[in-house]
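Every chain is numbered from 1 and lettered A, B, ... according to where its sequence line falls, protein lines coming before strand lines. Treat the numbers as computed from the prediction; the structure is a model and nothing was measured.
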2 protein chains.
Amino acid sequence: MLQTRSGKRTAKAALKIAVDMAEEGLITREEAIARVDPMALDQLLHPTLDPKAPRDVLTKGLPASPGAASGEIVFDSDTAETRAALGAEVILVRVETSPEDIHGMHAARGILTARGGMTSHAAVVARGMGRPCVSGAGTLVIDAKAGTLKVGNRQLVAGDVITIDGTTGEVMVGMVETMQPELAGDFGVLMGWADAVRRLKVRANAETPLDCQVARDFGAEGVGLCRTEHMFFDAARITAVRQMILAEDEAGRRAALAKLLPEQRADFTEIFTIMAGLPVTIRLLDPPLHEFLPHAESEFEDVAKSAGVDIATLKRRVSELHEFNPMLGHRGCRLGVTYPEIYEMQARAIFEAALAVSAKSGLAPIPEVMVPLVGTRRELELMKTVIDDTARAVFAEQGATVDYLVGTMIELPRAALKAAEIAEVGEFFSFGTNDLTQTTLGVSRDDASRFLTTYVEKGIYARDPFVSLDIEGVGELISMAAERGRATRPDIKLGICGEHGGDPASIDFCEIIGLDYVSASPYRVPIARLAAAQAALKARM
Amino acid sequence: MLQTRSGKRTAKAALKIAVDMAEEGLITREEAIARVDPMALDQLLHPTLDPKAPRDVLTKGLPASPGAASGEIVFDSDTAETRAALGAEVILVRVETSPEDIHGMHAARGILTARGGMTSHAAVVARGMGRPCVSGAGTLVIDAKAGTLKVGNRQLVAGDVITIDGTTGEVMVGMVETMQPELAGDFGVLMGWADAVRRLKVRANAETPLDCQVARDFGAEGVGLCRTEHMFFDAARITAVRQMILAEDEAGRRAALAKLLPEQRADFTEIFTIMAGLPVTIRLLDPPLHEFLPHAESEFEDVAKSAGVDIATLKRRVSELHEFNPMLGHRGCRLGVTYPEIYEMQARAIFEAALAVSAKSGLAPIPEVMVPLVGTRRELELMKTVIDDTARAVFAEQGATVDYLVGTMIELPRAALKAAEIAEVGEFFSFGTNDLTQTTLGVSRDDASRFLTTYVEKGIYARDPFVSLDIEGVGELISMAAERGRATRPDIKLGICGEHGGDPASIDFCEIIGLDYVSASPYRVPIARLAAAQAALKARM
């Protein structure tokens, strides 16, 4: 605890000293920029516990996502959403989280899990959202059904208030006073200087209006990765998504997709409004379809009923869609190739939203439609045809056009190798370094915790390659792809999304190989701005 | 059926015409070699149905592994083994197979499954073993518990005789007469000519004495891939394997491994005896440990009892070891890094067996100890230390030595990229093209059937990349690794294992980039010999 306070004081102090010295002419602005550790900013961007407030520590887990938050305990995501809609501040407490918890994580002020490491679903998503998170608090015994949470012989129940500190991993009983971050003053001054120096643009990975607004407030120059699947998990839409998956033919899928179109259009309209005039990279549907279906026996009856099918049909489809290695399965553009109507609906939603925002605000967004998991030129060509045909149809219907780009993630080794050919079709590349790391190293991020600690201890990897880019391995593929892509299309736009977009060492590498932008989670945007400035200064030397 | 008969006649006729013409001096031997399609040999190497015999076709599935076989129906692998041990000829009938069925597949004359494509577990393993297999016979309704098999309103029961034709996919009721392949005559003559011409050595992927003998009879010049995990699944050993996995500490693991040591030593002694004087590449344990634990509720009680733990402990361990993407999980050398005692036991078994065979036969085998799933120099270095230390200890104990090599699979993109560094430690590379294809393309072989057909139809891949090497993508990584490895260690031994080692187009590529050998499943060894000769002739032009 003391360490954190002193850490925070150090960051603040370092910032103040650097800015003061530069303003007094003792050092240059460039020197001031170089003196501040970008990672230290993380401390300044989140609410922190008042060091003077008393605290009753219940247990400790991993400091999975920085910041402090208090709220009443809820044990499931639906309740989190319902309570939050009524104005309650809630902490979502789960054994572990899964993609179906996204809405609950958004609704909660903080997330606490009993299982999972620093790269667990809860940790990664919480960092992305800027929600405080304590993960892997192993002493917690959670009985969600009974609505209880025990540590040793202390027991809390749903509705009791707790406070979590995602910077230290502490979990406290009751409310502990927090202090809000100050973003003006020295912080604002240094950021201004950094912006004047950096060459790399900084965008945000964001898909909700709230995240987009936070990102813009933190200085993001567009969205580098808008994941559309999170929109599909929304409680109001999941039934239509499931109907699409359970449909026996294309007509059935199209009928379900027609229900999703206005919802997707509304999503994009909100995002484009916030990002008016800026580029927004939208990734078409990526996860395997089974992620949208229930897996627990107890859910089958309800889900079958609301989707209007019998339980046997639902179970058969769940079993058909089961995959041994979903990461390497029927996902990404493989969905678009087998079910083009899904990408067609998404493209239509994008273009209709872009035209609407353009007409209303006079400031057209620049949609960059991104096809995921491409490994061959031909896949991108097939998908680009679907997107271009849809754009033409929408523009003709509305009698108006917007500029847009079609490009791809480079997230498979084969895509990096074949970048010259893929750039014949794709107008931009976004390096999806999470998946590119998984495939290049042959390591599943969800399963790596079992050996990655030993691997770092034994000197096999200097740092967790999902946190800081493996420059020697994955980095070689990225520079190869950048070089080959530019050889075909000299003005190809190159960026990086994925967790690495907010890591200073990785950003330095992006500067060296001359990418156009990095995209980081909203709360990492200021870190990326400063790191990009430092990298530019280093490159000048 | 007609097609097959004519196919077979064509292969035989083509062989005869080519040999006759060369012997009469009308064409050269080289021209004779070039005239015969290597894949056509596959027809000649397996028993085929007597075209004149009557047949009562029950249903049809996929022609997953060539050859015909008859036998009584058994519904589980243990029964297959028991009945075979009593001299019965059995056909193993399963909804689908898993690694736990290996012993049953070995014991059976043929395999029939209701589910699974050409690259399903049953199909791949059966081809490797040279067992006829019909997979994905979707009209079969199997009730293993009741011991019945239905197609429409026809029902057969355990013990009834059926015949399967893995060349056509047909399943017949009763025994249909088969004809044995003739391996002498024209076939032997042409093979002799091919051997005189080829540069590439041909080895076999084999891990049972039977497979090793078949491989040697078919002209294999050593073993290129001996997978040790199949030995772990053996019914007599699985309990010790499970005890190792369930042990709470290293001492517990070592106690269980001590029980496995004599068994592994006996395995290697048999293989080395058959392959005396030839190189044998032994891959250390590769699959994730959960593959050895039960998954069905019904098995927990028995397994816990025989392993001497309580059910709760077993269930906890199963849940701890669960992986989202086992292909990218805690497997390969990651096991050796976290549990070095496993690889130590295996290395000891290898060296003790090699010394025993050397002493007895006077012809020392050349063990090539292969570390799987390496991605960094450091991993191989750690594992080589374990292997070398064990060799030194065994040699000192026995007062004798054998030559051996330590090398690695190149099966991850990162390993290909870092080949220069890895070759500082590794004395050979074996390209594990199955996994290298999975990671480079980001495609799980077990899950690919859902989209791969569409992908081939739409021209995204010309052929199934798990059957014929993706030369543009995966091939670039292989040639890069060969070049970088040789730059560090000019005499590094380079080979290829995996399904591609038996595919003519892939063999041609191996000749072009100058690999030293290809390793194919035993029944593909003659195909590889002929294809290697054709590739050598092409290279001369």
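- B/D446 places no side-chain N or O within donor-acceptor distance of the main-chain N or O of A/F324, the cut-off being under 3.5 Å.
- A distance-only check finds a donor-acceptor pair linking the side chain of B/R378 to the backbone of A/K458 [under 3.5 Å].
- For chain A, the option among B/L477, B/V474, B/L335, B/V443 with the highest count of heavy-atom pairs below 4.5 Å is B/V443.
- Residues A/V337 and B/I460 meet the side-chain proximity criterion, which asks for heavy atoms closer than 4.5 Å.
- Summarising the local packing, CD of A/E424 is surrounded by more than 12 heavy atoms from other residues, nucleotides or ligands at distances under 6.0 Å.
- Residue B/D435 does not touch chain A at all, counting heavy-atom pairs closer than 4.5 Å.
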Practice task
May I have the step-by-step check of side chain to side chain contact (heavy atoms under 4.5 Å, CB included) for B/D447 and A/H330, ending in yes or no?
Solution key: CA-CA 7 Å; B/D447 301 307; A/H330 193 179; over 6 Å; no

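- Options A/L373, A/L321, A/D470 differ in how many heavy-atom pairs under 4.5 Å they form with chain B, and the most are formed by A/D470.
- Heavy atoms closer than 4.5 Å to chain A are found in both the backbone and the side chain of B/T440.
- Most heavy-atom pairs under 4.5 Å with chain A: of the set B/G375, B/P326, B/G442, this distinction falls to B/G442.
- Annotation for B/E96: atom CD counts as buried by contact number, over 12 foreign heavy atoms lying within 6.0 Å.
- Using a 4.5 Å cut-off between heavy atoms, B/L452 does not touch chain A at all.
- Interface remark: B/E421 contributes side-chain atoms only to the contact with chain A (heavy atom separation under 4.5 Å).
- Between the OG atom of B/S444 and the CG atom of A/N325 there is a distance of 4.0 Å, given to the nearest 0.5 Å.
- Residues A/L328 and B/T439 form no side-chain contact, since every pair of their non-hydrogen atoms from C-beta on lies 4.5 Å or further apart.
- Comparing B/E323, B/H322, B/E320 by how many heavy-atom pairs each has under 4.5 Å with chain A, the most go to B/E323.
- Rounding to the nearest 0.5 angstrom, the gap separating the OG1 atom in A/T454 from the CZ atom in B/R334 is 12.5 Å.
- At a threshold of 4.0 Å, the pair B/R484-A/E476 counts as salt-bridged, since one of the basic side-chain nitrogens sits closer than that to a carboxylate oxygen.
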